[in-house]
Protein chains: 2
Amino acid sequence: MKEGPDIALIGSLIGDPARANMLGALMSGKALTATELAAEAGITAQTASSHLGKLEAGGLVQKSKQGRHRYFSLADDDVGAVLESLMGLAALKGHTRVRTGPKDPALRRARVCYNHLAGEMGVQMLDSMKQRGFVVEDEDQLELTVKGHQFATGLGINLDALRSTRRPLCKSCLDWSARRSHLAGALGTALLEHFYKTGWADRLEGTRIVTFSKTGETEFARHFKIAEG
Amino acid sequence: MKEGPDIALIGSLIGDPARANMLGALMSGKALTATELAAEAGITAQTASSHLGKLEAGGLVQKSKQGRHRYFSLADDDVGAVLESLMGLAALKGHTRVRTGPKDPALRRARVCYNHLAGEMGVQMLDSMKQRGFVVEDEDQLELTVKGHQFATGLGINLDALRSTRRPLCKSCLDWSARRSHLAGALGTALLEHFYKTGWADRLEGTRIVTFSKTGETEFARHFKIAEG
DNA sequence: ATTATGTTTCGATTAACATCGAAGTATGAA
DNA sequence: TTCATACTTCGATGTTAATCGAAACATAAT
């Protein structure tokens with residue numbers, strides 16, 4: 001009928017509540033099995049299998065078999081970014097889920113966005129890195145500066161390994177709660193991994209929430225402080 | 001079930017082919033009547049009315065009555081940006097409509113994105129304005145510089161009027177065909193209006209394509225040249 | 001007033017699809 | 001081998017929602 005890409009297909013994939021729940025769960029960045037995703041969506045394994053087949057055919061998720069398990073994860077960063085932007089619009093239009101319990105503030109504070117840190121702390125992290133000249137905005141791609149290279153290396157991150165992948169090192173991703181950007185890309189992933197490894201932060205089981213320990217909180221504030229202007 | 005915003009609702013709204021076609025038509029930026037949108041989607045007026053009611057309830061479109069006509073348009077820039085990003089993902093995943101005729105290259109060259117210029121020429125325009133220091137990227141918002149103010153005023157754009165609205169003056173919007181940003185916001189709209197008024201460009205009826213006249217093409221190139229680096 | 005056009009509401013039909021039970025395949029454990 | 005777990009396929013069912021005809025409503029033109 002009309003020219004251009006077909007958004008209805010992707011829209012309908014996201015439009016089913018069960019599939020939307022699964023995609024939301026996968027936004028945690030963890031690869032989940034079909035049964036875990038079924039429980040997440042509140043449906044049986046048979047139905048989940050059908051849904052996951054459609055999501056895979058549509059290019060939104062990818063599957064990897066390990067033994068008798070099939071692990072599903074989001075297909076790539078682009079899918080994660082689109083889901084995050086959809087959440088932004090949904091929040092803006094007041095389409096929130098019923099359950100707005102005590103977990104909600106924690107979710108706005110720090111959460112996982114597919115594979116990197118989002119929420120207020122994610123935004124603060126990128127702000128700080130921009131302000132101190134660790135990254136600069138060039139076109140749409142974020143560029144890591146020499147100072148930024150030193151900073152990351154000082155944290156113990158192997159940048160050469162990151163650069164050797166085909167994945168962009170730095171990307172910005174729009175945050176639905178803060179409506180500001182945070183750091184995505186290979187470096188964003190590596191930094192979150194770093195927080196886990198050092199014990200600064202941990203995942204709250206079964207949610208997208210990232211909890212920081214007492215020392216983690218202060219260490220984070222020290223490394224990613226912001227000069228008020 | 002889960003916390004956070006509900007993307008399924010918006011997804012299902014976009015997921016119906018008839019509604020997706022209507023939204024695509026509204027991406028042209030023009031306010032269209034219910035019957036025009038019905039024709040666009042290939043359905044009867046009754047069905048279209050039902051769809052438009054749902055889109056309005058979901059906050060994706062807005063209605064304004066004028067006489068016996070009801071004009072529909074996208075609710076705001078946020079909706080347009082999300083639709084554009086969805087088109088980007090759809091194009092990336094190869095979910096293109098059947099019809100990939102001679103219009104397609106024209107669409108990639110210059111098209112309307114809701115209310116501003118997109119496509120290669122839209123990207124070039126923003127690139128040029130950045131390169132010459134007319135706009136600078138600050139956080140996520142684009143900022144118009146003093147030089148940029150002079151430039152726009154020189155074109156005959158009344159910036160004071162634009163600033164008096166609640167709408168952001170400059171915003172960046174991700175282009176699905178170029179996968180680069182172009183200029184959105186009040187200034188983006190005003191510039192496109194300017195191209196129309198001066199006769200540099202015109203709309204190709206019934207599509208999102210923007211056609212530039214011979215002189216328009218050269219004038220555009222002169223005003224928005226890029227220094228190759 | 002009368003007629004024409006644009007839009008919405010109502011009701012009925014139809015098609016699509018999410019769902020699950022049951023059975024089949026595959027892998028790992030005992 | 002035998003049993004258990006993870007997943008998929010098949011078939012049947014039920015619900016949702018897109019669709020349109022007919023009619024009501026609203027505004028404009030004559």
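Bear in mind the structure is a predicted one, so any value in this text is a computation, not a measurement. Every chain is numbered from 1 and lettered A, B, ... according to where its sequence line falls, protein lines coming before strand lines.
Among the heavy atoms of the strands lying under 4.0 Å from B:A45 is at least one base atom, whether or not backbone atoms are also near. Using a 4.0 Å heavy-atom cutoff across all strands shown, B:A48 reaches no nucleic acid atom at all. Residue A:T47 is in base contact, counting any heavy-atom pair closer than 4.0 Å across all strands shown. Here B:K54 lies in heavy-atom contact (under 4.0 Å) with sugar-phosphate atoms only.
For A:T44, the side-chain atoms get nearest to C:dC20 when compared with the rest of D:dT8, C:dC20, C:dA18. Across C:dA29, D:dC7, C:dC20, the shortest atom-to-atom separation from the side chain of A:H69 is found for D:dC7.
For A:K63 and C:dA26, the NZ to P distance is 13 Å, given to the nearest whole Å. Straight-line distance from the CD atom of B:Q46 to the P atom of D:dC20: 7 Å, rounded to whole Å. For B:K65 and D:dC25, the NZ to C1' distance is 11 Å, given to the nearest whole Å. To the nearest angstrom, P of C:dA15 lies 18 Å from CD1 of B:I43. Spacing between atom CZ of B:R19 and atom P of D:dA17 amounts to 9 Å, rounded to whole angstrom units. Remark: P of C:dG6 and CD of B:E36 are 10 Å apart, rounded to the nearest angstrom. For A:E56 and D:dC7, the CD to C1' distance is 13 Å, given to the nearest whole Å. Separating the CG atom of A:L37 from the C1' atom of D:dA6 is a distance of 13 Å, rounded to the nearest angstrom.
Nearest-nucleotide assignment on DNA chain C puts the 5′-proximal partner with B:T35, out of B:T35 and A:S50.
A:T189 contributes a side-chain N or O that, together with a main-chain N or O of A:G185, makes up a donor-acceptor pair within less than 3.5 Å. Here the side chain of A:E84 pairs no donor or acceptor atom with the backbone of A:C113 at under 3.5 angstrom. With B:K93 contributing its side chain and A:G59 its backbone, the two residues share a donor-acceptor pair below 3.5 Å.
Donor-acceptor pairing under 3.5 Å is lacking for the side chains of A:H95 and B:D6.
Contact annotation: side chain of B:R68 to base of C:dT7, donor-acceptor pair absent below 3.5 Å.
Checked for salt-bridge contact, A:K30 and A:E36 miss the test: no charged N lies under 4.0 Å from a carboxylate O.
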